[in-house]
2 protein chains.
Amino acid sequence: MKAQALHGHLDALLLAVLEQGALHGYAIIEALRARSDGNLDLPTGTIYPALRRLERAGHVASTWSTVSGRERRTYQLTDSGRRALAGERAGWREFQLTVGRFLDPGNPPTPA
Amino acid sequence: MKAQALHGHLDALLLAVLEQGALHGYAIIEALRARSDGNLDLPTGTIYPALRRLERAGHVASTWSTVSGRERRTYQLTDSGRRALAGERAGWREFQLTVGRFLDPGNPPTPA
DNA sequence: TTCGACAAGTAGCGTAGCTACGCATGAAGG
DNA sequence: CCTTCATGCGTAGCTACGCTACTTGTCGAA
């Protein structure tokens, strides 16, 4: 998976994994890796800033907890985040269709 | 169409439009707009540097011509470009599947 | 003669993901 | 006991790359 391909879609992915339930940062990374069969193995330097961006935007809320001596920041989707996710899904659909018109096979530009 | 969503996919789109035949820069912009129903309306500041990148990479070759007093730089796909396009198509398919696993509807993370 | 479509191009900006770190705890293994 | 590794959070700086805003020039139409 080319790295920079994610540009602009990461927020949507994060919101999508949090849709199933609250997770802490490290667990989000693992969830992305698991659900993508290892295709998405994102470094912390990508995830943590992105989560803070989403929190600033009000799409997620975080709460600290201590689990067996380790500090965890758990993120959960807000209502705003749920709405944003719906918008991201629509945007993804449009993007997919638009780019697919050029890159998907069986899309002849000038049909016979 | 969100602007930054294109990141990393523009080269593939350019190669795809040139697959049908050689075009000059301005015509490429129009082809993208036409084939995407207006969703892709890219400024010259995006296209021209991208074409030069592709030419440096050897994926396209350009030739100058003068048409009714206007200078045109016409780009055509090279063999290397054709191979690159095949790779981009494969990459797009993988990207589409991976992201779709999170954002497409009807993809329950924990199937009942 | 002025304005808009055509045609090419560059300089500089901003976004955002990545690399490479640092810090801390707990479990496992030698 | 001590090292190593997985867990867990975080930031600073880099870089890629598309975008904004601009310039130059021809040609046709109003």
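Predicted model, so just to flag it, every value in this text is computed and none were measured. Throughout, a chain's letter reflects where its sequence line sits, starting with A, and its residues are numbered from 1. All values below were derived from every heavy atom in this structure, side-chain atoms included, with hydrogens, water molecules and symmetry-related copies excluded.
Between A:R89 and B:D104 there is no salt bridge, since no side-chain nitrogen of the basic residue lies less than 4.0 Å from a carboxylate oxygen of the acidic one.
Of the candidates D:dT20, C:dC6, D:dC9, D:dT20 carries the atom nearest the B:P43 side chain, counting heavy atoms from C-beta on. Nearest to the side chain of B:Y26, among D:dG18, C:dA5, C:dG17, sits C:dA5. Distances from the side chain of A:T44 to the nucleotides C:dA20, C:dT15, C:dC18 place C:dA20 closest. Distance from the side chain of A:T46 is smallest to C:dC18 among D:dT7, D:dG10, C:dC18.
Residues satisfying the salt bridge (Lys or Arg N to Asp or Glu O under 4.0 Å) test with B:R70, not counting sequence neighbours, are none. Scanning for salt bridge (Lys or Arg N to Asp or Glu O under 4.0 Å) contacts around B:R53 gives B:D11, with sequence neighbours left out.
Within 4.0 Å (heavy atoms only), A:G45 reaches at least one base atom of the nucleic acid.
Positionally, the nearest nucleotide of DNA chain D for A:P49 lies more toward the 5' end than for the other of A:P49 and B:D11.
Rounding to whole angstrom units, NE2 of residue A:H9 and P of C:dT15 are separated by 18 Å. Distance, A:R53 CZ to C:dG14 P: 17 Å, rounded to whole Å. With rounding to whole Å, A:L10 atom CG is found 5 Å from C:dG17 atom P. The CD atom of B:E55 sits 9 Å away from the P atom of C:dG9 (whole-angstrom rounding). D:dT15 atom C1' lies 11 Å from atom NE2 of B:H7, rounded to whole Å. One can place CD1 of B:I47 at 15 Å from C1' of D:dT20, the figure rounded to the nearest angstrom. With rounding to whole Å, A:L42 atom CG is found 16 Å from C:dA20 atom P. If you take CG of A:L23 and C1' of D:dC9, they are 16 Å apart, rounded to a whole angstrom.
When the side-chain nitrogen and oxygen atoms of A:Y48 are compared with OP1 and OP2 of D:dC9, one or more of them lie within a distance under 4.0 Å. At D:dG8, one or more side-chain N or O atoms of A:H24 fall inside 4.0 Å of OP1 or OP2 (strictly under the cut-off).
The backbone N or O of B:E94 lies less than 3.5 Å from a partner atom in the side chain of B:T98, making a donor-acceptor pair. B:T78 places no side-chain N or O within donor-acceptor distance of the main-chain N or O of B:A61, the cut-off being under 3.5 Å.
For the segment residues 61-73 of chain B, the set of residues with a heavy atom within less than 4.0 Å of an atom of DNA chain D comprises B:S68, B:G69, B:R70, in numerical order.
In summary, the side chains of B:T74 and B:H24 do not present any donor paired with an acceptor at a separation below 3.5 Å, with no hydrogens or angles considered.
Ring orientation note: the planes of A:H9 and A:F95 are tilted relative to one another, at an angle of 30° to 60°.
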